[in-house]
**Q** 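Submitted below is the structure of interest, expressed as structure tokens.
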There are 2 protein chains.
Amino acid sequence: MEADYSITDRLATRLKETRKSKGLSLEAMAKLSGVSRSMLSQIERGQSSPTVATLWSLTQALQVDFAGLLDDDSGAGTIREIMRANRTPTIDSQGEGCRIRILSPPGQAGQLEVYDIRFTSGASLISEPHRQGCHEDLTVLEGALEVTSGDESAQLAEGDTLRYAADCTHAIRAVGAPARALLIVHNS
Amino acid sequence: MEADYSITDRLATRLKETRKSKGLSLEAMAKLSGVSRSMLSQIERGQSSPTVATLWSLTQALQVDFAGLLDDDSGAGTIREIMRANRTPTIDSQGEGCRIRILSPPGQAGQLEVYDIRFTSGASLISEPHRQGCHEDLTVLEGALEVTSGDESAQLAEGDTLRYAADCTHAIRAVGAPARALLIVHNS
DNA sequence: GTTATCCCTCCAATATAATGGATTTTTATG
DNA sequence: CATAAAAATCCATTATATTGGAGGGATAAC
């Protein structure tokens with residue numbers, strides 16, 4: 001049922017590599033993770049496709065995240081993409097004085113989105129709630145901003161960073177002068 | 001064998017959310033992913049811990065990566081953290097004329113790290129290979145930079161963005177004038 | 001060569017993930 | 001309220017993940 005270069009095989013290689021790199025034996029790792037030696041052996045030989053529960057145990061024991069064990073790394077090439085300034089997707093104004101440049105690649109939309117936003121003096125950007133669990137990280141590059149998330153708000157000066165929930169209505173406002181900020185949206 | 005708020009439960013919630021957000025029924029998703037309705041139902045109810053093989057099918061069908069389905073995002077409050085400019089962790093110079101401000105929260109280290117880097121004229125930042133599968137997104141905020149990853153290199157002007165592998169030796173250099181850049185490191 | 005230790009693989013037994021079809025629950029329509 | 005359609009869950013069967021212990025090299029000490 002599985003194809004040529006299955007996820008199981010990838011995981012097998014990855015796991016073995018990671019374990020070896022930490023100088024662990026199967027037995028040592030078994031104790032550490034609570035997964036039996038036999039199972040570990042099978043997984044490393046590509047003969048078993050572990051459940052998320054056991055996979056979770058492994059990531060905990062090895063101190064890596066899922067991506068580290070599972071994600072595709074076939075892009076072994078080095079430079080992957082260059083996006084020139086004049087080609088960078090731009091949203092020019094959501095009503096008022098905001099210019100938003102989208103720095104993250106389209107393929108990542110929904111996971112992680114990165115924006116470079118410029119506000120004219122007094123401009124504001126109001127957003128509807130995004131998906132449940134979504135949050136944003138905002139860093140002020142120039143000027144000063146006021147951020148409101150739900151019923152809380154905060155004043156930010158140049159260089160400040162704020163993390164806040166974005167699964168509720170939220171707004172960003174340039175208080176007095178023009179401003180520029182870096183916005184990172186997780187799980188939108 | 002699993003604790004109260006297990007990975008299985010997290011996945012259950014995540015999966016259901018994601019599926020609903022795409023307006024798919026269990027049947028529709030079953031066809032799309034090749035996983036049976038029954039199984040999907042069990043997973044969404046937290047009664048089953050899917051194997052990586054089936055999990056892989058799900059991520060393919062839903063167009064998300066593993067982190068999207070599995071990683072922890074708990075925390076429902078609104079404003080979570082404010083990091084003032086003068087409190088922002090800073091690495092002052094890795095030998096030569098680089099000032100690095102760490103914008104991402106420590107809890108995310110390894111997953112996603114965000115840096116604001118300032119280079120004096122001619123300065124450079126050379127990095128050893130990070131973890132397998134690691135890559136970086138670099139956006140030039142001011143000035144111009146030259147990036148080398150493995151045996152390739154690229155010239156970047158203000159506003160340009162570059163994505164490149166960071167699981168090999170890589171370097172960033174300010175060519176003529178002082179420069180400033182935003183660096184996002186995935187899976188370091 | 002023998003003994004001992006460590007590390008991994010093989011094997012039989014058990015637990016559980018995965019499936020297809022039947023059943024119930026929900027949603028929509030008259 | 002009655003009915004139909006769709007969607008989600010339950011159930012029995014099959015496939016497979018997981019385990020503990022037995023077996024088979026390696027390597028080192030004597």
Side-chain angles (χ1 to χ4, degrees), chain A residues 1-62 64 66 68-71 131-132, chain B residues 1-66 68-71:
Chain A
M1 182 174 285
E2 274 312 20
D4 1 311
Y5 189 46
S6 66
I7 179 68
T8 304
D9 294 327
R10 274 222 305 272
L11 175 60
T13 311
R14 258 347 146 68
L15 182 57
K16 193 162 194 170
E17 269 177 16
T18 311
R19 178 174 63 84
K20 293 279 185 185
S21 80
K22 306 218 173 199
L24 293 171
S25 71
L26 284 183
E27 171 125 16
M29 185 161 165
K31 259 184 200 145
L32 204 59
S33 63
V35 178
S36 69
R37 310 140 267 268
S38 320
M39 180 84 292
L40 292 177
S41 177
Q42 288 191 47
I43 296 173
E44 287 189 354
R45 305 184 74 221
Q47 297 187 349
S48 185
S49 175
T51 65
V52 294
T54 66
L55 186 59
W56 172 253
S57 303
L58 299 183
T59 60
Q60 294 298 95
L62 292 174
V64 299
F66 292 98
L69 285 179
L70 295 175
D71 274 353
R131 199 198 314 176
Q132 174 74 337
Chain B
M1 181 171 287
E2 272 313 34
D4 2 309
Y5 190 45
S6 64
I7 179 69
T8 304
D9 293 327
R10 275 223 306 272
L11 175 61
T13 312
R14 248 4 133 66
L15 182 58
K16 193 163 194 170
E17 266 179 18
T18 311
R19 178 174 63 84
K20 292 278 186 186
S21 80
K22 305 217 174 200
L24 293 171
S25 70
L26 286 182
E27 170 126 16
M29 185 161 164
K31 260 186 200 144
L32 205 59
S33 62
V35 178
S36 70
R37 313 133 263 256
S38 318
M39 179 84 294
L40 293 176
S41 177
Q42 288 190 46
I43 296 172
E44 287 189 355
R45 305 183 74 223
Q47 298 187 349
S48 185
S49 176
T51 64
V52 294
T54 66
L55 185 59
W56 172 254
S57 303
L58 299 183
T59 60
Q60 293 298 96
L62 291 174
Q63 301 269 44
V64 299
D65 60 24
F66 292 98
L69 285 179
L70 296 175
D71 277 352

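Quick caveat: nothing in here was measured; it's all calculated off a predicted structure. Each chain gets a letter, A, B and so on, in the order the sequences are listed, and its residues count up from 1. As a basis for the values below, the full set of heavy atoms in this structure was taken, side chains included, without hydrogen atoms, waters or symmetry mates.
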**Q** With a 4.5 Å cut-off on side-chain heavy atoms, are A/Leu26 and A/Glu44 touching?
**A** yes
**Q** Of the nucleotides C/dA18, C/dA17, D/dA7, which has the atom closest to the B/Ser49 side chain?
**A** C/dA17
**Q** Taking the nucleotide of DNA chain C with the nearest heavy atom to each, does B/Ser48 or B/Ser38 sit closer to the 5' end?
**A** B/Ser48
**Q** Could you tell me whether the phosphate oxygens of C/dC7, OP1 or OP2, come under 4.0 Å of any side-chain nitrogen or oxygen in A/Arg19?
**A** no
**Q** Among the candidates D/dT18, D/dT19, C/dT9, find the nucleotide nearest to the side-chain atoms of A/Thr54.
**A** D/dT18
**Q** Got B/Leu11 and B/Pro50 here, is their nearest side-chain heavy-atom distance under 4.5 Å?
**A** yes
**Q** May I have the distance from B/Arg37 (atom CZ) to C/dA17 (atom P), rounded to whole angstrom?
**A** 20 Å
**Q** Give one of base, sugar-phosphate or nothing for A/Glu44, where a contact means two heavy atoms less than 4.0 Å apart.
**A** nothing
**Q** Taking the side chain of A/Gln42 as its heavy atoms from C-beta onward, which of D/dT9, D/dT19, D/dC10 lies nearest to it?
**A** D/dT19
**Q** Rounded to the nearest Å, what distance is computed from the CG atom of residue A/Leu26 to the P atom of nucleotide D/dT19?
**A** 13 Å
**Q** Rounded to the Å, how far apart are B/Met39 CE and C/dT16 P?
**A** 13 Å
**Q** What is the separation between atom CE on B/Met29 and atom P on D/dA6, rounded to the nearest whole Å?
**A** 21 Å
**Q** Would you indicate whether the side-chain heavy atoms of A/Lys22 and A/Leu32 approach each other to under 4.5 Å?
**A** no
**Q** Using only atom types and a distance under 3.5 Å, with no angle test, would you say the side chain of B/Arg37 pairs donor to acceptor with the backbone of B/Glu27?
**A** no
**Q** Starting from P on C/dC6, measure out to CG on A/Leu24 and report it in whole angstrom.
**A** 16 Å
**Q** When you get a sec, tell me which of C/dC10, C/dA18, C/dC8 is the closest nucleotide to the side chain of A/Arg45?
**A** C/dC10
**Q** Let's see if you can work this out: which of D/dT19, C/dT19, C/dC8 has an atom nearest to the side-chain heavy atoms of A/Lys20?
**A** C/dC8
**Q** Starting from P on D/dT9, measure out to CG on B/Leu40 and report it in whole angstrom.
**A** 11 Å
**Q** Round to the nearest Å and state the distance from B/Ile43 atom CD1 to C/dT16 atom P.
**A** 16 Å
**Q** Nearest whole Å is fine: how far is C/dA18 P from B/Gln47 CD?
**A** 13 Å
**Q** With a non-hydrogen cut-off below 4.0 angstrom, is A/Thr51 in contact with a base, only sugar-phosphate, or nothing?
**A** sugar-phosphate
**Q** Kindly say whether B/Gly34 contributes a backbone atom to a donor-acceptor pair with the side chain of B/Ser57 at under 3.5 angstrom?
**A** no
**Q** Out of C/dT9, C/dT19, D/dT18, which nucleotide sits closest to the side chain of A/Ser41?
**A** C/dT9
